[in-house]
Amino acid sequence: MKRITSKICALIFAALCFMLTFGACDSRDEVLKIYNWGEYMDPEVYEGFEDWYYKETGKTIRVQYKEFDTNESMYTEISVNKSDYDLACPSDYMIQRMINEGLVLELDKTVFDVDDDVYYEGLASLIRESFDPELKFCVPYVWGTFGIMYDSSKVDDPEDMTSWNAMFSEKYKGEILMKNSVRDAYSVARIYDNTELLSVKSNGFTNYGEEYKTALRSIFETIDNDMIAEARETLVKQKKVLIRYEVDDGKDDMLSGNTSAKLGFFWSCDAGYVMNDTEIEATGCSAGRVIPGNKDLRYVVPKEGANVWVDGFVIPKYSRNPEAANYFLKYLCTAEYGEDDEEYEDYETVAEKNTDWLGASTAVKTAMDNMRAYYEEEQENRDDEESFFYDTGDDFYDMYMNMMFPTSDILDRCAIMKDFGKFNFELDGMWIDVKTA
């Protein structure tokens with residue numbers, strides 16, 4: 001009986017601790033629920049919001065932060081389960097779907113109202129043209145391009161890599177990695193199938209004007225069964241020259257340089273990841289180990305065109321604290337950071353600290369400008385072994401900067417992929433056919 005009583009007391013004590021730790025007694029307007037991708041925000045940033053919010057409003061807030069792994073799982077959680085998250089961070093096409101289905105609230109411009117010039121050059125315009133014409137539902141967060149990453153030490157002719165043709169070429173048979181992603185694979189196939197049209201509209205890929213942009217946007221926005229069938233045929237043929245389809249492990253192949261992989265389809269953020277030194281977070285003998293980034297790697301947005309992807313924050317329909325959500329967006333994009341704390345004197349804003357932690361292209365222009373200045377200084381000091389650009393040439397520096405900070409010339413040949421609506425089911429079926437062919 002004593003043992004049973006002790007166990008019951010222990011359980012009661014544990015329950016009380018849980019209630020105290022997670023604030024079971026907090027009223028809902030004192031909680032901000034954030035739903036985001038894994039490892040997609042500096043914990044010190046969202047934790048720091050609690051103090052900032054109190055200084056800004058005189059109100060108490062506690063942040064609950066939860067992660068999801070796919071757009072679809074996030075969508076189900078909100079649309080079907082009606083979970084009351086105050087902020088979620090879907091990708092562009094999913095934001096469009098949620099706007100169309102009435103699953104997101106408008107931003108409160110009395111709290112968070114910024115001009116387009118707060119965001120990186122051209123980014124707001126791309127979003128307005130694609131899925132949020134008035135920027136009244138979405139606050140862009142992290143973004144990038146997709147393209148070809150290749151190992152310059154293994155590729156004889158780098159000029160080959162400037163075209164999507166490399167991803168379908170017999171010349172590189174058995175040396176190509178392809179992304180296991182139906183939307184991305186379909187888009188690459190459609191661009192490849194329309195090479196001649198895009199060449200005509202751009203005067204041989206020398207003038208990316210309105211005619212070209214209209215043609216490229218059509219590829220990302222228009223779909224029918226004939227287009228799906230054509231893409232299926234193209235992707236089945238491509239399959240014969242691939243090593244395999246991959247999601248994340250292809251980064252390891254390119255990083256090591258010890259496999260047959262010479263090139264592949266990659267997102268710019270992943271390309272940057274494998275070019276940087278990577279700290280292993282494993283336990284045991286591997287804990288804290290740093291793997292040097294592979295500086296033989298190069299990344300290029302092919303001349304035919306590519307996709308700009310954007311992950312952005314929205315306030316879901318079932319949010320129970322939209323006020324705090326709007327203040328968090330203001331904090332994330334415009335708030336000063338650590339002005340009274342010497343430990344963080346290197347960061348002027350919250351956005352800058354978060355960008356440094358992410359190591360990816362973010363939406364806030366000032367944060368990107370500061371990151372650009374950092375890399376420029378690293379280049380000036382590249383004779384120093386501690387410099388990121390140590391023992392690299394100008395070609396690596398130019399490539400890396402164009403990848404992290406795409407110029408207008410690059411963005412002019414990019415567009416945002418829209419949601420394919422009722423054809424999503426047909427696309428999924430096409431992808432199954434390709435992979436089982």
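Positions are given from 1, in the same order as the sequence printed here.
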Would [X] count as a cation-pi partner of [Y], with NZ or CZ less than 6.0 Å from the six-membered ring centre and within 45° of the ring normal?
{"X": "K251", "Y": "Y273", "result": "yes"}
{"X": "K418", "Y": "F220", "result": "no"}
{"X": "K330", "Y": "W52", "result": "no"}
{"X": "K295", "Y": "F388", "result": "yes"}

[X] side chain near [Y] side chain, heavy-atom distance below 4.5 Å:
{"X": "L103", "Y": "Y75", "answer": "yes"}
{"X": "W309", "Y": "Y93", "answer": "no"}
{"X": "I243", "Y": "S260", "answer": "yes"}
{"X": "F205", "Y": "E304", "answer": "yes"}
{"X": "D92", "Y": "V310", "answer": "yes"}
{"X": "W164", "Y": "T195", "answer": "no"}
{"X": "L107", "Y": "K136", "answer": "no"}
{"X": "F328", "Y": "Y46", "answer": "yes"}

(request) Establish, from distance only, whether the side-chain atoms of D311 and S91 form a donor-acceptor pair under 3.5 Å. (result)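 The criterion, which ignores hydrogens and geometry beyond distance, is satisfied for S91 and D311.
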(request) Indicate whether any N or O donor in one side chain lies under 3.5 Å from an N or O acceptor in the other, for N354 and Y347. (result)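 On atom types as modelled, these side chains do not qualify, holding no pair under 3.5 Å.
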Under a 4.0 Å N-O cut-off, is there an ion pair linking [X] with [Y]?
{"X": "K365", "Y": "D117", "value": "no"}
{"X": "D395", "Y": "R298", "value": "yes"}
{"X": "R128", "Y": "E134", "value": "no"}
{"X": "D394", "Y": "R382", "value": "yes"}
{"X": "D253", "Y": "R244", "value": "yes"}
{"X": "K179", "Y": "D184", "value": "no"}

(message) With side-chain hydrogen bond (donor to acceptor under 3.5 Å, both in side chains) as the criterion, how do S187 and N307 come out once you've worked through the C-alpha distance, each side chain's angles and the decisive distance to 0.1 Å?
(response) CA-CA 8 Å; S187 297; N307 167 244; over 6 Å; no
(message) Evaluate Y327 against F49 for side chain to side chain contact (heavy atoms under 4.5 Å, CB included), listing each step before the verdict.
(response) CA-CA 9 Å; Y327 271 102; F49 174 69; 4.2 Å; yes
(message) Angle between ring planes, Y120 versus F405, binned at 30° and 60°: parallel, tilted or perpendicular?
(response)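 Correct class here is tilted.
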(request) Output, in order, the C-alpha distance, side-chain angles, deciding distance and verdict of side chain to side chain contact (heavy atoms under 4.5 Å, CB included) for V241 and E170. (result) CA-CA 6 Å; V241 303; E170 286 284 336; 3.8 Å; yes
Taking [X] for the side chain and [Y] for the main chain, is one N or O donor matched with an acceptor at less than 3.5 Å?
{"X": "K201", "Y": "T214", "value": "no"}
{"X": "S361", "Y": "G144", "value": "no"}
{"X": "S319", "Y": "P316", "value": "no"}
{"X": "Y85", "Y": "N36", "value": "no"}
{"X": "S202", "Y": "Y208", "value": "no"}
{"X": "D356", "Y": "E352", "value": "no"}
{"X": "D108", "Y": "N326", "value": "no"}
{"X": "K353", "Y": "Y337", "value": "no"}
{"X": "Q96", "Y": "D419", "value": "yes"}
{"X": "D132", "Y": "C138", "value": "yes"}

Quick check for you: to the nearest 0.5 Å, what is the distance between [X] atom [atom1] and [Y] atom [atom2]?
{"X": "T222", "Y": "F423", "atom1": "OG1", "atom2": "CZ", "answer": "10.5 Å"}
{"X": "E210", "Y": "Y212", "atom1": "CD", "atom2": "OH", "answer": "12.0 Å"}
{"X": "L235", "Y": "Y192", "atom1": "CG", "atom2": "OH", "answer": "11.0 Å"}
{"X": "E233", "Y": "D433", "atom1": "CD", "atom2": "CG", "answer": "13.0 Å"}
{"X": "E376", "Y": "R372", "atom1": "CD", "atom2": "CZ", "answer": "6.5 Å"}
{"X": "R190", "Y": "M227", "atom1": "CZ", "atom2": "CE", "answer": "5.0 Å"}

Is [X] atom [atom1] crowded by more than 12 heavy atoms from other residues, nucleotides or ligands, each under 6.0 Å away?
{"X": "K422", "atom1": "NZ", "value": "no"}
{"X": "D156", "atom1": "CG", "value": "no"}
{"X": "K154", "atom1": "NZ", "value": "yes"}
{"X": "K173", "atom1": "NZ", "value": "no"}
{"X": "K171", "atom1": "NZ", "value": "yes"}
{"X": "Y54", "atom1": "OH", "value": "no"}

(message) Out of the candidates V188, L177, N180, only one should pair with F265 under the side-chain contact (heavy atoms from CB on, under 4.5 Å) rule; please name it.
(response)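 The passing option is V188.
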(message) Can you tell me which residue among L135, I127, L126 is in a side-chain contact (heavy atoms from CB on, under 4.5 Å) with Y119?
(response)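 Looking at L135, I127, L126, the match for Y119 under the side-chain contact (heavy atoms from CB on, under 4.5 Å) is L135.
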(request) Start with the C-alpha gap between N276 and Y400, add the side-chain angles, then the distance that decides, and say whether side-chain hydrogen bond (donor to acceptor under 3.5 Å, both in side chains) holds. (result) CA-CA 10 Å; N276 276 278; Y400 192 85; 2.8 Å; yes
(request) Step by step, work out the ring-ring contact (aromatic ring centres under 6.0 Å, His included) result for F68 and Y35. (result) CA-CA 7 Å; F68 59 85; Y35 203 24; 5.0 Å; yes
(message) Test of understanding: with ring pair (Phe, Tyr, Trp, His ring centres under 6.0 Å), list the residues that count as partners of F313, not counting sequence neighbours.
(response)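 So F313 forms a ring pair (Phe, Tyr, Trp, His ring centres under 6.0 Å) with Y141.
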(request) Test side chain to side chain contact (heavy atoms under 4.5 Å, CB included) on C333 and V139 and set out the steps. (result) CA-CA 9 Å; C333 293; V139 172; 3.8 Å; yes
(message) Determine whether E50 and V63 satisfy the following criterion, side chain to side chain contact (heavy atoms under 4.5 Å, CB included), listing intermediate values before the conclusion.
(response) CA-CA 7 Å; E50 297 179 0; V63 175; 3.9 Å; yes
(request) Please test E77 against S83 for side-chain hydrogen bond (donor to acceptor under 3.5 Å, both in side chains), starting from the C-alpha separation and ending with a verdict. (result) CA-CA 6 Å; E77 188 68 21; S83 297; 2.6 Å; yes
(message) Run the side-chain hydrogen bond (donor to acceptor under 3.5 Å, both in side chains) test on D84 and N321 for me, step by step, so that the C-alpha distance in whole Å, both residues' side-chain angles and the decisive distance to 0.1 Å come before the verdict.
(response) CA-CA 9 Å; D84 63 336; N321 198 347; over 6 Å; no
